[in-house]
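Every value quoted in this text rests on a predicted model; they were computed, and no experiment measured them. When reading the values below, keep in mind they use all heavy atoms of this one structure, side chains included, and skip hydrogens, waters and symmetry mates. Every chain is numbered from 1 and lettered A, B, ... according to where its sequence line falls, protein lines coming before strand lines.
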Amino acid sequence: MKVIKHSFDGVIVGAGGAGLRAAIEAAPHMKLAVITKLYPTRSHTGAAQGGMSAALANVEEDNWNWHAFDTVKGSDYLADQPAVDILCKEAIDSVVELEHWGLPFSRLENGKIAQRRFGGHTVKEGEAPAFRACYAADRTGHMILQTLYQKCVSMGVTFFDEFQVLDIKIDDGVCKGVIAYEIATGNIHIFEARAVTFATGGFGKIYKVSSNAHSLTGDGPGILYQKGIPLEDMEFYQFHPTGIYRLGILLSEAARGEGGILRNKDGERFMERYAPSIKDLAPRDMVSRAIATEISEGNGAGPNNDFVYLDLTHLGAETIKQKLPDITDFVRTYVKIEPINEPIPVQPTAHYAMGGIPTDVNARVLSDATGTVLPGVYSAGESACVSVHGANRLGTNSLLDIVVFGKRAGQSMVDYVSSTKPMALSENAAEDLTNKIENLMDKDHNLEFSVPRIREELQDTMEENAKIFRTEESLEKQTEILTDLRDRYQNVTISDKGKVFNTELLEAIELEYLLDMSDTTVASALHRKESRGAHSRVDHVERDDKNWLKHSFAFKNDASVKLEYKDVELGNYEPKERKY
Amino acid sequence: MKSVKRTDWGRRTPPIGGTNFELYAWFFMRISGLFLVLLAAGHMFIMHVFNDTLNLDYEFVAARWDTPYWRTFDWLLLTLSILHGTNGLRIVMHDNIANKTFRQLALYGLYFTSTAFFILGTYVLVAFVREV
Amino acid sequence: MDVKVNILRYNPETDRKGHWEEYILEADPDERILDLLHKVKWFDDGSLAFRRSCAHGVCGSDAMVVNGENMLACQVLVKEVSTPIKIEPIRGLPVVKDLVVNMDSFFDSYKKVMPYLVNDTEPGERERLQSPEDRDRFEDTTKCILCAACTTSCPVFWTADTYVGPAAIVNAHRFVFDSRDNASKQRLEILKDVDGAFRCRTAFNCTSACPRGIQVTKAIEDVKRQTLTIN
Amino acid sequence: MAYQDIVSTGSVYKGRTGMWLYLFHRITGVALFGYLLLHIISTALILAGPEIYEGAEAIYKNFYFRIGEVGLMAAVLAHAINGLRIIAVDLWSKGSDYQKALNISAMIVFIAIFVPTTYKMIDSYFELCLEKSSAGTTIVDCMIRPLPDWKTK
Ligand SMILES: Cc1cc2nc3c(=O)[nH]c(=O)nc-3n(C[C@H](O)[C@H](O)[C@H](O)COP(=O)(O)OP(=O)(O)OC[C@H]3O[C@@H](n4cnc5c(N)ncnc54)[C@H](O)[C@@H]3O)c2cc1C
Ligand code: HEM
Ligand code: SF4
Ligand code: F3S
Ligand code: FES
């Protein structure tokens, strides 16, 4: 295997919104490389639809404190409030900055950035839905990704496109660089770097029905987890209420923000029963649970009673065309339904990881539950857990998260690089990885242990046992299944023995990350004996602030998972019952 | 450490173009096309449709060229169609000959041929005198 | 139902030439072409190479020639195409393996047209203003996902790969008609080169190929006319 | 050629009308340029006097060349009409919106002129031929042999 060495000050892994934003901050001040397994513009940030919130007050009175209140309440009080304050305060400048870089936001008549309503966002701490989400039709994420990439092009940032990072080098608790696999050639590249930021996105592919891309396999968290870094709040995985039935393709909350209504098989607007004041615009965890409850009570539509309807028919063709063009196209393309005339079959879809690599507000990775900083390693975006989303993220806050904390990751890299000296990485740094790969290549192929088989079983069982509603029993069952899958993974084999574009090899390696993500999710969920935000235990339906107002930290402990806990940082808002 | 000012946004690369040749060539193709509708299609219909070419003989041509108007008409047709056709072929060669040397050779060949034929055609139109 | 799929395979490590391979797959009419490729890769031949990510037509990874036309494999359902389904890599770019082509020159062309906002005036504390009408002027071309379906469907590009191609022009259009931008003149200067916008011969393949429904030829024509007016 | 030979498939890209019109425009354009050169040479012979000029012209006076002439007419006509369509798309800001309508109109206009003109050209050939030939000459004779004695009016 050919090994090639590069020397940089800083490396950013991932070129989604978070990675690119960090790059813009860091590139002028150091020798920087952005390594990404996809071409940057293929990152899943481009799939985000609805908007990004900031209290710009372009439509009506607004204030970042209200935004912070909503975020904390939406998080079911699990978010760290100082971090939330930063998120909501810096939101305003972040949006304006993106606009200055060219982001084509939709506009109001007076020329200002247009804003729309979104789930869980209210004015005056819960009085009425707020117009807070800045948007560009229903392609906000696409525009953010394009704008940030364009900015990087204009700055001449160095990219390594279609290079997949598979290992990090940490010696004596200090980061020295990463090892990447060049997909087109099969060559191994050693990147010497003092500062490394992981912005590798989510891991929705642990579930069967998901809005996430095939590439979202939790690489960043997986790599660090295998090095002994804990993963925070993994039990909180968000299910978006409106995925296209069976496919999971997302229909943005913007559809409801613009006035769309959820109906059960009888045409009843059932959200009136679950959230009387803001109805269909309740936070996602509530709406997803409401749908799951409707379905389990036999109110679902269709022959199997397993979906509900998203009704846009009353919005009018013009609104749909102007404000929701893409999602209506998805419906036309994949379901062959005309949303102007017919309601759309939807079901909750695995969407967003609130948990991930633990970081402080400066995106510095923490190596334990007491807040010890791991020098030189940073994380931002969906791969990180700051935590600003707590137990449930509000719609539009993730696009905000990626720019606010992406920028902070970049700044932290700059600070760190300017205060340290280059460190050398030995020539044999890639040995672990080359051994791993050679091992996979040498084994004879056996269908029994093929990647797709194991992965399919993983996704099916996670869907069944660890989705919206969880019980001790289902989680224990899943733990056993995972142990079995892990055993089978030890023997995993591949049929492609080539060097060029061997994506089967990479899928095999990614499968291990998926197993890691599932292990930590299930273990954390099993231990948390309460229901909070996206984590609903049928056997512990109440929120328990006395015992569980804490973040979980899942560590790798040989084959099992070890859990530690850290108190939530409170601030202006005392935990209260969450009603909408 | 270098710091970026807000006004540094937007890196500029020098244009790769420089001349307006392609622009004018493109525009010329359209304008000459418009004229050629009158000239070439006109010529074509007069000679081949309204008058049958079977009747075409020395006398016919000579009579036509007795008037300076038809000589001018034909010369304009000659000039425009050679220019239009040559530029058209230049584009075709740019598109279809990948090898740079071959392409250059072909282009020189084309320009030479076109010039020669233009001179020949012009000479005929100017020098012709009726023999009878 | 059973579907017959023919895929043009080429592995640089073992093959001297590309060859067609036939697969008979059990498929649902509502499945995507991408799902068929996954079936082949996951349950038949793991070495089949193709790019994909989002699986719903927003990332631009999987442009390929299906039954003779460019499309995104994740955006077309089995029932919408005739069988046997013929799948080839997009044309005009060097093939790396199977359905994967080398996109470097495609992105280089994109980078050549200054695809970023240039405005040196002090923007102030808040957003620059832009009327909805001004915003609409370039709405269509902001949708581009750089999938290369347009450029690789262009007959001019097939024979002359130095042509910047429709995708780059679309991305220049995005800024040339943005009222906030100050560098449209420079972009047009770039595009009036031999390999620029005037190379387009209005074949309209790009417009039919664009999975985002962008009126690509219209954008190119806008750029050509704009170049005419500034000179 | 950019498209790699190793994977050339022999299969044809299923372009829509626009692509075929582009190809057609190119072929007719190149053909017309070729014809133009020939035409300049044959016309230049006029300087050599009536004998030689008419001797050369005589080569063209048969049915096969008449078919060729129809082809030439078709090429000029098609190139001209399609050229006008291209000009409309390029220089009229709404042109590309009406692409399909323009394609169809161009084809209709082409057929509307092509059919009667072809008829006239063929018909007039036989008329002249029969007029100049001895009695008993059939259309088939006109088709297979050159026009007799075309100089005698
Ligand atoms: C369909 C959908 C709609 C959404 N809508 C909204 C919305 O309206 N508002 C909102 O706020 N949020 C929304 N979200 C959430 C939000 O879009 C994401 O959380 C966010 O974009 C994540 O950005 P990121 O930069 O962290 O990761 P991504 O954009 O996913 O980027 C990950 C990057 O990491 C790279 N990478 C991964 N692994 C490796 C590796 N091993 N080596 C090298 N590179 C690697 C990838 O190539 C990619 O460039 C939506 C999410 C989805 C799925
Ligand atoms: C009768 C009226 C004519 C019109 C309206 C016309 C119009 C045009 C136009 C608009 C183009 C540009 C095509 C493009 O850019 O896609 C063109 C190309 C061309 N024309 Fe003409 N033309 C006419 C006559 C002729 C004649 C008489 C000749 C032969 C000498 C000719 C030869 C060509 C050639 C070789 C091209 C290049 C083809 C290509 O680039 O694919 N044209 N014509
Ligand atoms: S213009 Fe359309 S076809 Fe071309 S790259 Fe952009 S999205 Fe793809
Ligand atoms: S296919 Fe090519 S020729 Fe022009 S209209 Fe599109 S770029
Ligand atoms: S996989 Fe993203 S566009 Fe098809």
Side-chain angles (χ1 to χ4, degrees), chain B residues 26-27 29-34 36-38 40-45 47-62 65 74 77-78 81-82 84-86 88-89 91-92 95-99 110 113-114 116-125 127-132, chain D residues 1-2 25-27 29-30 32-37 39-41 43-54 57-58 60-62 65-66 69-70 72-73 75-77 79-84 86-88 90-91 113 116-118 120-121 123-125 127-129 132 147 150-151 153:
Chain B
W26 174 81
F27 196 57
M29 285 305 267
R30 324 281 116 180
I31 300 302
S32 61
L34 286 177
L36 280 170
V37 173
L38 293 175
H43 172 81
M44 162 88 210
F45 275 84
M47 304 304 271
H48 299 256
V49 184
F50 304 136
N51 297 297
D52 198 292
T53 38
L54 296 179
N55 294 326
L56 184 74
D57 56 13
Y58 184 83
E59 181 49 34
F60 182 91
V61 179
W65 283 352
D74 284 358
L77 171 59
L78 170 78
S81 52
I82 288 215
H84 178 100
T86 306
L89 259 115
I91 295 167
V92 175
D95 281 354
N96 291 324
I97 309 181
N99 182 303
L110 171 70
T113 317
S114 297
F117 277 81
F118 174 68
I119 293 171
L120 173 63
T122 307
Y123 177 72
V124 173
L125 278 167
F128 177 77
V129 270
R130 189 193 272 270
E131 267 188 21
V132 192
Chain D
M1 288 251 230
H25 196 79
R26 179 154 284 197
I27 293 164
V30 174
L32 286 177
F33 190 75
Y35 173 77
L36 173 69
L37 301 188
H39 191 46
I40 293 174
I41 293 178
T43 307
L45 291 177
I46 205 164
L47 290 184
E51 310 296 76
I52 296 186
Y53 178 69
E54 287 177 1
E57 287 291 307
Y60 306 138
K61 316 234 170 189
N62 61 48
F65 270 87
R66 177 49 50 104
E69 244 181 294
V70 170
L72 173 69
M73 182 274 294
V76 174
L77 193 62
H79 189 93
I81 293 170
N82 191 47
L84 291 174
I86 294 171
I87 294 171
D90 278 337
L91 297 181
I113 304 180
T117 311
T118 309
K120 162 116 202 327
M121 288 171 78
D123 186 55
S124 109
Y125 179 84
E127 202 178 295
L128 274 158
C129 170
K132 287 169 201 287
L147 199 64
W150 59 277
K151 274 300 276 179
K153 278 247 160 108

For [X] versus [Y], what's the shortest heavy-atom pair and its separation?
X      : Y       : value
I82(B) : F33(D)  : O-CE1, 4.0 Å
H48(B) : M121(D) : O-CG, 3.8 Å
K61(D) : L56(B)  : NZ-O, 2.8 Å

With chain D as the partner, which of [options] has the greatest number of non-hydrogen pairs under 4.5 Å?
options                        : result
V129(B), I31(B), V124(B)       : V124(B)
G33(B), S81(B), A40(B)         : S81(B)
V49(B), L120(B), L78(B)        : V49(B)
L89(B), V92(B), V37(B), I97(B) : V92(B)

[atom1]-[atom2] distance between [X] and [Y], expressed to the nearest 0.5 angstrom:
X       : Y      : atom1 : atom2 : answer
F45(B)  : L77(D) : CZ    : CG    : 5.0 Å
F128(B) : I46(D) : CZ    : CD1   : 4.5 Å
H84(B)  : L32(D) : NE2   : CG    : 8.5 Å
F117(B) : I40(D) : CZ    : CD1   : 6.5 Å
T117(D) : M44(B) : OG1   : CE    : 8.5 Å

Below 4.5 Å from any heavy atom of chain B, which atoms of [X] appear? Answer side chain, backbone, both or neither.
X       : value
L36(D)  : side chain
I81(D)  : neither
L84(D)  : side chain
A48(D)  : backbone
L91(D)  : side chain
I113(D) : side chain

Test side chain to side chain contact (heavy atoms under 4.5 Å, CB included) on I86(D) and R30(B) and set out the steps.
CA-CA 8 Å; I86(D) 294 171; R30(B) 324 281 116 180; 3.3 Å; yes
Region of [X] in contact with chain D, defined by heavy-atom distances below 4.5 Å:
X       : value
L125(B) : neither
F50(B)  : backbone
L77(B)  : neither
T86(B)  : both

Partner chain B: residue of [options] with the largest heavy-atom pair count (under 4.5 Å):
options                        : value
G29(D), G83(D), A44(D)         : A44(D)
D90(D), V30(D), V76(D)         : D90(D)
T43(D), L72(D), L47(D), V70(D) : L47(D)
E69(D), M73(D), K120(D)        : E69(D)

Can you tell me if F27(B) has over 12 outside heavy atoms packed within less than 6.0 Å of its CZ?
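12 or below, so no.
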Check this for me: F60(B), atom CZ, are more than 12 non-hydrogen atoms of other residues, nucleotides or ligands nearer than 6.0 Å?
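Enclosed.
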With a 4.5 Å heavy-atom cut-off, do D95(B) and R26(D) have their side chains touching?
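Contact flag for D95(B)/R26(D) side chains = yes.
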Backbone N or O of Y58(B) within a donor-acceptor pair of the E54(D) side chain at under 3.5 Å?
yes
